[in-house]
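A note on names: the letters A, B, ... follow the listed sequences, proteins ahead of strands, and every chain is numbered from 1.
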Amino acid sequence: NAGVMQNPRHLVRRRGQEARLRCSPMKGHSHVYWYRQLPEEGLKFMVYLQKENIIDESGMPKERFSAEFPKEGPSILRIQQVVRGDSAAYFCASSPPGLAGGRTWGSGANVLTFGAGSRLTVL
Amino acid sequence: TQLLEQSPQFLSIQEGENLTVYCNSSSVFSSLQWYRQEPGEGPVLLVTVVTGGEVKKLKRLTFQFGDARKDSSLHITAAQPGDTGLYLCAGGSYNTDKLIFGTGTRLQVFP
């Protein structure tokens, strides 16, 4: 079983360009989280999606950022008109159906499997 | 807003020493998870604790969940260079689908 696959692993963009980061969840997983990590910091929640539905986007900047998880294909985090402050590592994590969501945290069975991340550098 | 503060932020020790990392919040969590992250990689789950007062041991690592489920600690006995990495606590609660991550503790163990 392949784990969570993210690509590209490294992406360099100039200010004003667009960045597209892709995430393929583990086989059988139906829920995807995106997190951002700045150097020497913890992970900041961005968005939580299931197939064709955004469940929680409270951590997404209001402008330039969008995410989707189509019925077929990977989840995509899109950053338009990138600025230097967007330089960070972006991590995707997935969880299986039935073990996703707030009501399942207390079971101990809801755990996230992370990808290796996509490192965006904006010049 | 739920926040998880970790201390210390950085820790450099010699091989063989013991250490404790703390994860504190004013909020109650349904569960606390601990992850370790190595450079260039994603976080990898070490343990999940769900019951107040729970203690779990993983070889030289001991994890404790506070009685009130607001804090947790990670104790490493006889640290080894292979323990070097970023340690992250993360909390889940019933009223939110997202997992809240702590600020992180970067551990360096010198041979």
Side-chain angles (χ1 to χ4, degrees), chain A residues 3-7 9-10 21 23 25-26 30-50 53-60 67 89-95 97 99-119, chain B residues 1-11 21 23 25 27-52 54 56 63 65 69 72 85-108:
Chain A
V4 177
M5 304 301 292
Q6 290 189 247
N7 67 84
R9 289 294 308 274
H10 299 274
L21 309 177
C23 168
M26 282 187 70
S30 57
H31 293 73
V32 164
Y33 293 79
W34 284 93
Y35 284 83
R36 178 164 64 177
Q37 185 177 37
L38 296 173
E40 303 302 328
E41 291 190 10
L43 277 72
K44 295 286 192 289
F45 169 79
M46 299 183 75
V47 63
Y48 171 45
L49 315 96
Q50 66 179 99
N53 186 28
I54 296 174
I55 301 174
D56 183 347
E57 56 181 350
S58 58
M60 288 277 274
Y90 292 84
F91 289 95
C92 167
S94 70
S95 60
L99 279 178
R103 60 182 173 81
T104 66
W105 291 124
S107 71
N110 185 355
V111 296
L112 303 187
T113 302
F114 281 87
S118 291
R119 278 148 190 84
Chain B
T1 302
Q2 295 172 304
L3 294 173
L4 281 165
E5 294 285 339
Q6 287 185 237
S7 61
Q9 188 177 357
F10 298 98
L11 193 54
V21 176
C23 172
S25 177
S27 303
V28 175
F29 289 95
S30 306
S31 64
L32 248 291
Q33 301 177 7
W34 283 91
Y35 291 79
R36 190 174 90 184
Q37 184 181 19
E38 301 196 22
E41 298 296 329
V44 175
L45 180 71
L46 296 174
V47 79
T48 301
V49 285
V50 297
T51 306
E54 181 177 2
K56 277 193 175 178
F63 304 85
F65 200 10
R69 291 186 289 133
S72 181
L86 179 67
Y87 288 82
L88 296 160
C89 65
S93 61
Y94 291 112
N95 61 357
T96 178
D97 293 331
K98 58 194 174 194
L99 193 62
I100 308 295
F101 276 83
T103 47
T105 294
R106 185 163 295 282
L107 171 66
Q108 177 123 36

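- The nearest pair of heavy atoms linking Glu41(A) to Leu86(B) is O-CD2, 4.1 Å.
- Between Lys98(B) and the choices Ile55(A), Asp56(A), Val47(A), the side chain to side chain contact (heavy atoms under 4.5 Å, CB included) rule is met once, by Asp56(A).
- Remark: Thr51(B) engages no residue in a side-chain hydrogen bond (donor to acceptor under 3.5 Å, both in side chains) (not counting sequence neighbours).
- Using a 4.5 Å cut-off between heavy atoms, Thr113(A) makes no contact with chain B at all.
- Neither the backbone nor the side chain of Gln6(A) comes within less than 4.5 Å of any heavy atom of chain B.
- Across all their heavy atoms, Pro43(B) and Leu43(A) have their closest contact at CG-CD2, 4.0 Å.
- Atom NZ of residue Lys44(A) and atom CD1 of residue Ile100(B) lie 10.0 Å apart, to the nearest 0.5 angstrom.
- Distance check, rounded to the nearest 0.5 Å: CG of Leu112(A) to OH of Tyr35(B) gives 4.5 Å.
- Judged as a side-chain hydrogen bond (donor to acceptor under 3.5 Å, both in side chains), and not counting sequence neighbours, the contacts of Glu38(B) are Arg36(B).
- Note: Gly40(B) leads Cys89(B), Gly40(B), Gly102(B) in heavy-atom pairs under 4.5 Å with chain A.
- No option in Tyr35(A), Phe45(A), Tyr33(A) other than Tyr35(A) meets the ring pair (Phe, Tyr, Trp, His ring centres under 6.0 Å) test with Phe101(B).
- Heavy atoms closer than 4.5 Å to chain A are found in the side chain of Gln37(B), but not in its backbone.
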